[in-house]
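Presented below is the structure to which this report refers.
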Amino acid sequence: MAGITDAEFLKKIIPYGFDVVTLGGYSLDLKTIEASQKIIERGRKEFHFQMDEIIPHIEKEVNSIKDFKKEVLVSANVRSSIPEPIIETSKIKGLDIIEVNCHCRQDEILAIGCGQEMLKRDDFAEFISQIADKSKSKVSVKIRGNVLGIDTLEIADIIE
Ligand SMILES: Cc1cc2nc3c(=O)[nH]c(=O)nc-3n(C[C@H](O)[C@H](O)[C@H](O)COP(=O)(O)O)c2cc1C
């Protein structure tokens, strides 16, 4: 959850038996970083980093978890309006899974065509394919089910 699930939080829950943990959500490109800023201004928590800070920050968080328990798989949930920053983030050493955020329903994220609005993009399949082809980590796509006008099963097929 944005602003909450950092390495410090995840290290508290790993001892309860989790094999996979997810950091984030993190905003990676200019549009999503600006949207995060607006979300913060109305009082909701967000992880908020500038473009040149975010990859080193995630790397530090991944290392902190792996130092704590190296067998745990680490995922990072990310928002971006373009695939390139997601591909770059997937190259972080030790990051096992990159999770593309296609479910967020905060207005500021929807207004820039991200989060669950991603499911409506004409280039959705191409967007995910580019990441799948070039990612160094395993790719996961977190979707919202039952979005009006979207066939969830069709979306699952496209992702597969
Ligand atoms: C305050 C808040 C912030 C959240 N931030 C994120 C996020 O940044 N990335 C993400 O993948 N999901 C985020 N979520 C969604 C949760 O991870 C989860 O998918 C959602 O709460 C659905 O589960 P539920 O139906 O049991 O509530 C957030 C949820 C809440 C309530």
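As the structure is a prediction and not an experimental result, all values here were calculated from the model. Counting convention: from 1, in listed order, for ligands and their atoms alike. Because only heavy atoms are used, hydrogens play no part in the values below, and waters and symmetry mates are left out as well, while side chains stay in.
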(message) Which Ile, Leu, Val, Met, Phe, Trp or Tyr residues join Ile39 in one cluster when any pair of side-chain heavy atoms under 4.5 Å counts as a link?
(response) Ile109
(message) Just to verify, what does Glu99 make a salt bridge (charged side-chain N to carboxylate O under 4.0 Å, His left out) with, not counting sequence neighbours?
(response) none
(request) Give the intermediate values and the outcome of salt bridge (charged side-chain N to carboxylate O under 4.0 Å, His left out) for residues Lys91 and Glu88. (result) CA-CA 6 Å; Lys91 295 176 185 166; Glu88 278 313 301; 2.9 Å; yes
(message) Assess whether a salt bridge exists between Asp96 and Lys66, defined as any Lys/Arg side-chain N lying under 4.0 Å from an Asp/Glu carboxylate O.
(response) yes
(request) Would you check ligand 1 and list the protein residues that come within less than 4.0 Å of it by any heavy atom, ordered by chain and number? (result) Met1, Ala2, Gly25, Arg44, Asn77, Arg79, Asn101, His103, Lys142
(request) Show which residues join Ile97 in its hydrophobic cluster (side-chain heavy-atom contacts under 4.5 Å, direct or indirect), or state none. (result) Val20, Leu73
(message) I need the single residue from Arg44, Gln37, Lys38 that forms a side-chain hydrogen bond (donor to acceptor under 3.5 Å, both in side chains) with Glu41. Which is it?
(response) Gln37
